[in-house]
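Every number for a ligand or one of its atoms is a count from 1 in the order of the listing.
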Amino acid sequence: MSPTLIDRLPKAELHIHVEGSIEPDMVLALAERNGLDFPHKSKAGLLATYEFANLAGFSAVYASNSCALRTERDFYDLTYSYMRRVREDNVIHAEIAFAPQGASHRNVAPEIALEGVLAAMDDAKAAFGMTGGVIIGCQRHRGAEAGLNMLRRMKPYRDRIMALGLASLEVGHPPRLFLRVFEEARDLGWKTVAHAGEEGPPEYIWEALDILKVDRIDHGVRCEEDPRLVRRLAEEQVPLTVCPLSNIYLKVFPALREHNIARLLRAGLLVTVNSDDPPYFGGYVNANYAACRDVLDLSDEEIIQLGRNSFIASFLPEEQKCNYLARIDRIVGAAPEASGMKDVAPIGSGDRA
Ligand code: ADE
Ligand code: ZN
């Protein structure tokens, strides 16, 4: 089958939880490698738990499977596998979230886990010609004090961390509670992002912007309930890292045809497409693009705009952003029918920025 526009489109992934990128086979293999008494022995048994009523239901399965991750090598293998897999989707830049608090609560030193993630990213970047960075996530259900302790513990890695994020159970844990954590992150020179408006109300998006002063909103899809907020997001070009399939699997929308990503894009918001926790939610980033194309009738121009948005919304230096945007133009900028070109740029075929 010839590659589609989505295959050929260079893209960045900006919303992916590394622990959530663990494939079911790897859960079982690591549980065995680490000699754990894991509740599921078969893949079928494990997959039977992949049915989620909401974010809380998913988080329980996610936390249980994350227990398979014990050593630096586990985190290395996990991260490297993700990078190798998404390079097939033409992801050339990845900003990956890692949750130090999850590791400590499983009695894994977060420093050890982070070393594994960072080493794998370095190796994958060298092997696949990618760029990327790590976003350390504050888990909001553990409270602000715990978040602050985590941030301070991670300070020795300040130069190797790109940003602070805010994730886990949203409702009942409004962004404003985490003001101190975000202030300290900014003082370290980090960028900041926060999950807001996934299950939580539009007010949480306002708080993330006005109180936490985040650079990007993760999800943000419930903004549509507040037209004034939608206007602001469009005017200020605040990036939203939307995860369409995640939103379906976690019942944020009843069906993909009711998802608002196309409407938000057409209203001029800086939306991007991402996978969140791909093995749990039906696929990696290209599966998310393809599902939106098929169900929401995205045009080729809109698909290219989403690819461009992924770099515009990234934390790359401006010069590198321009290089990647120019690469999009070279590869898919002119529609193949219009240019008469059947331009296919296989991975690593000299399409470097
Ligand atoms: N952690 C992993 N996936 C998440 C999601 N969809 N929302 C909040 N926290 C998460
Ligand atoms: Zn997420």
_Pick from His219, Glu198, His17: the one approaching atom 2 (C) of ligand 1 most closely through a non-hydrogen atom_ = His17

*asked:* Does the plane of the ring in His15 sit parallel, tilted or perpendicular to the ring in His195? Use 30° and 60° as the thresholds.
replied: perpendicular

_To check your reading of the model: name the closest protein heavy atom to atom 6 (N) of ligand 1, its residue, and the distance in Å._
Asp276 OD2, 2.7 Å

_Which residue and heavy atom of the protein sit nearest atom 8 (C) of ligand 1, plus the separation_ = His195 CD2, 3.4 Å

_Taking the six-membered ring of Phe182 as reference, does the cationic atom of Lys213 (NZ for Lys, CZ for Arg) lie under 6.0 Å from its centre and within 45° of its axis?_
no

*Once the angle between the rings of His93 and Tyr324 is folded into 0 to 90°, is it parallel (under 30°), tilted (30 to 60°) or perpendicular (over 60°)?*
tilted

*Does Arg84 make a cation-pi contact with Phe128, if we ask for NZ or CZ under 6.0 Å from the ring centre and within 45° of the axis?*
no

*Aromatic plane relationship, Phe38 with His40 - under 30° parallel, 30 to 60° tilted, over 60° perpendicular*: perpendicular

*For ligand 1, indicate whether the residue Leu169 contacts it via side chain, backbone, both or neither (heavy-atom separation under 4.0 Å).*
neither

*In degrees, rounded to 10 degrees, what angle do His195 atom NE2 and His17 atom NE2 make at the Zn ion (ligand 2)?*
100°

*Just to the nearest 10 degrees, tell me the angle at the Zn ion (ligand 2) spanned by His15 NE2 and Asp276 OD1.*
80°

*Has His219 got an N/O/S atom less than 2.8 Å from the Zn ion (ligand 2)?*
no

_Ring-face cation of Arg216 near Phe315 (centre distance under 6.0 Å, axis angle within 45°)_ = yes

_Counting backbone and side-chain atoms alike, is an N, O or S atom of Asp218 positioned under 2.8 Å from the Zn ion (ligand 2)?_
no

*Which of the numbered atoms in ligand 1 are below 4.0 angstrom from a heavy atom of Asp277?*
2 (C), 3 (N), 4 (C)

_Tell me whether the rings of Phe75 and Phe98 are parallel (<30°), tilted (30 to 60°) or perpendicular (>60°)._
perpendicular

*For atom 9 (N) of ligand 1, the protein heavy atom that lies nearest, with its residue and separation*: Ser168 N, 2.9 Å

